[in-house]
Amino acid sequence: MEFGLTDMEKKELLKRYRMLLKVCKPVTDAKDKRLIRKAFNLAAEAHKGMRRRSGEPYIFHPVEVSIIAAGEIGLGTTSIICALLHDVVEDTDYTLEDISGMFGPKVASIIDGLTKIAGIVNNSELGPSLQAENFRKILLTMAEDVRVILIKLADRLHNMRTLEHMPPDKRLKISSETSFLFAPLAHRLGLYAVKSEMEDLVLKYTEPEVFESITKKLIETDEDRRKFIQQFIKPVEDQLRRADLNFTILGRTKSINSIWNKMLKKKIPFEEVYDIFAIRVIINSESENERIDCWKAYSVVTQVYTPNPERLRDWISVPKGNGYEALHTTVMSDAGKWVEIQIRSVRMNEVAEKGYAAHWKYKEDRDGIENSLDDWLKKIRELLQRPEANALDFLDDFKLTLFTDEIFVFTRTGEMRNLPKDSTVIDFAYSIHTGLGNKCIGAKVNHKLVPLNHVLKSGDQVEVLSSEKQAPKEEWLQNAVTAKAKSQIKQAIKEDRRKAIERGREIVLRMFGQVKLSPEDVVLTEFARYTGSLTINELYFEASKGKIDIKTVKSFATVHDRSGWLQYLRKPFLRGKGGAASTNESKKATPRRKTLDLNTDNKISYIIADCCNPIPGDEVVGFVVSENTLEIHRANCSNAIRINARYGDRIKKVQWNSASDIVFKTGIQISGIDKIGILSDISRILSEENQLNISSIYLESKGETFEGKITLFVNDTDHIKNLISQLRKVEGVERVFRMR
Ligand code: MN
């Protein structure tokens, strides 16, 4: 091997290449190995002399991506070849024809998809809302062959793993895209390991302190946890063996991101998250026995420990939409702690970890079972191929489809359909057929008559009622959940409006004829304004509803005659330009101007975003909201992440100036045991020791305990951290948090 590498690098490359061969071993024979070698040689040759930002030889990246594709996603030879070559057409002189000649048209077409995506992602000089349109294109390209999505996810995961070498603003942009699009995609495709790692890495770059502190605590508590797990599983192991089951049992620690989410959701410190880990029992059994064996294991486990009957989840009888199958139960341990136990067969476990690819592999011997994932991909393709959908709407609809849990309902003839949670009769009707959706007036659910907006539950049997006179209405959009129903309703309303405008045009032209007005565009525009409509189309639409009468046309004609339309036209038609909103903004922004450092010029003013109220010391980003104004968010603000993913090109990395005597508004949440004198202790710290400016204090007693919120002005994060640690020292105070 040459490829312009040092001896050390050559050694390292060889090591990684051997690793690749090792992880793809189960799916390869000698012929496959030769092809992989050929692809590897081509990639190394093509990327010769190129280096990544980290200084590493570029070829390390495609090798790592193919290790992820083979080892963690379980993809086969074609995909491994594509992963090795994924940046070749994009970054080197080789063309798709070269690839096609060497590896065949299938490999070339997958690489074509990957190259297109790279082109879309990297073109950040595009206008503002094109970012959303880009996502649509990305998804459209990926949906052509599911392997394009899977390799792209491997590529993204490796880029996240090496993100520290990117400049800070790129890090935030890439993290946002990952949390907004790629992690949910991985989740939907059942790739739990990939999804969790992506989310942890996002946390690492958006909330480094949180990430550090949880990591540290996990290490500190590791030993205790291990002991506990050992003691806990001992009796279970004994009984499972006695029941003659072939199994492995292990304890799995939750991802850092999901621990953090739990802490946030339940407002508890790390120490109180009870399900930091779960026990996993994996049963090795023949495919015809796997369900029975899982239930057998369940009965063994619940004989040893008492289960919480409300926490049994049976995803074996009805698998999740992304293919996940398992039994989950929560049992009481001897130490008085709830412990979650997951029971799966070896096959189910592989599907759970490697998702779609594993599904694919087992598909042949499970013929006849409806594959809901294929259905989902089909739905996404349908959605993507509708050119009229507005890119931003589409993103929201799509995200909804990605995130929702599913329900299972049945048609009149007993056919099963899965829909997102909270779906209504409208969603169901559109899922059957667009024509049925458009004409739907209600339904019989379990033989009872219900309205259109009725929310369906798992197990419902639904018969849609329709009428030829029905047409989709604006308010249906509020009652629909699925992307398909929403986009069909929008389209039908648009179509309706188009027809109405056509009718209205005829009405207006007829009335113009009656008073002998010539229907030129300028006159029509003028008449539209005269009636309070903004455009000619809006005028026509109003006319179609009978809101424009001949009297109005006549009186317009009189004005028109008297003054001539030119004079009329010159009248300014302003709609509150420079109104209250803009003065408000500048008022808010001016006093804070000097507290932020921006590398460009100083004429820019700032608005502190209300949603997350950043204060100096927080990681922040700025969004260009107008030419001279930036809106400042905390980097971890959910709004910021959303905007970031859509309008990444409008982001500016901003930094706080260190010295500042300007104060920022923030809030603290506090709770503890309600004892005499505690309020005066707290307020003493707040007022005397820190000389803070407090905006409001609200403390509420709840029996033995109290909860409270304090809104106050501080200089920076050190200030508030210091305050929080002082408050924590007060006797009786249990929890103090900065509000988000
Ligand atoms: Mn790449």
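Basis for what follows: all heavy atoms, side chains included, without hydrogens, waters or symmetry-related copies. Here the structure is a predicted model, which is why all the values come from computation and not from measurement. When a ligand or atom number is given, it counts from 1 through the structure's own listing order.
Remark: the Arg347 side chain and the Ser287 side chain contain no N/O donor-acceptor pair separated by less than 3.5 Å.
Between Glu220 and Lys217 no salt bridge is recorded (no basic side-chain N to carboxylate O distance below 4.0 Å).
With sequence neighbours left out, the salt bridge (Lys or Arg N to Asp or Glu O under 4.0 Å) criterion links Lys204 to no other residue.
Tested against Val202, the residues Glu177, Met160, Glu197 include a single side-chain contact (heavy atoms from CB on, under 4.5 Å) partner, Met160.
Distances under 2.8 Å from the Mn ion (ligand 1) pick out the protein N/O/S atoms His61 NE2, His86 NE2, Asp87 OD2, Asp155 OD1.
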Just do the salt bridge (charged side-chain N to carboxylate O under 4.0 Å, His left out) check on Glu325 and Arg344 with the steps written out, would you? CA-CA 7 Å; Glu325 291 169 81; Arg344 321 163 168 169; over 6 Å; no
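Taking the ring axis of Phe277 as reference, the NZ or CZ atom of Arg226 does not stay both within 45° of it and closer than 6.0 Å to the ring centre.
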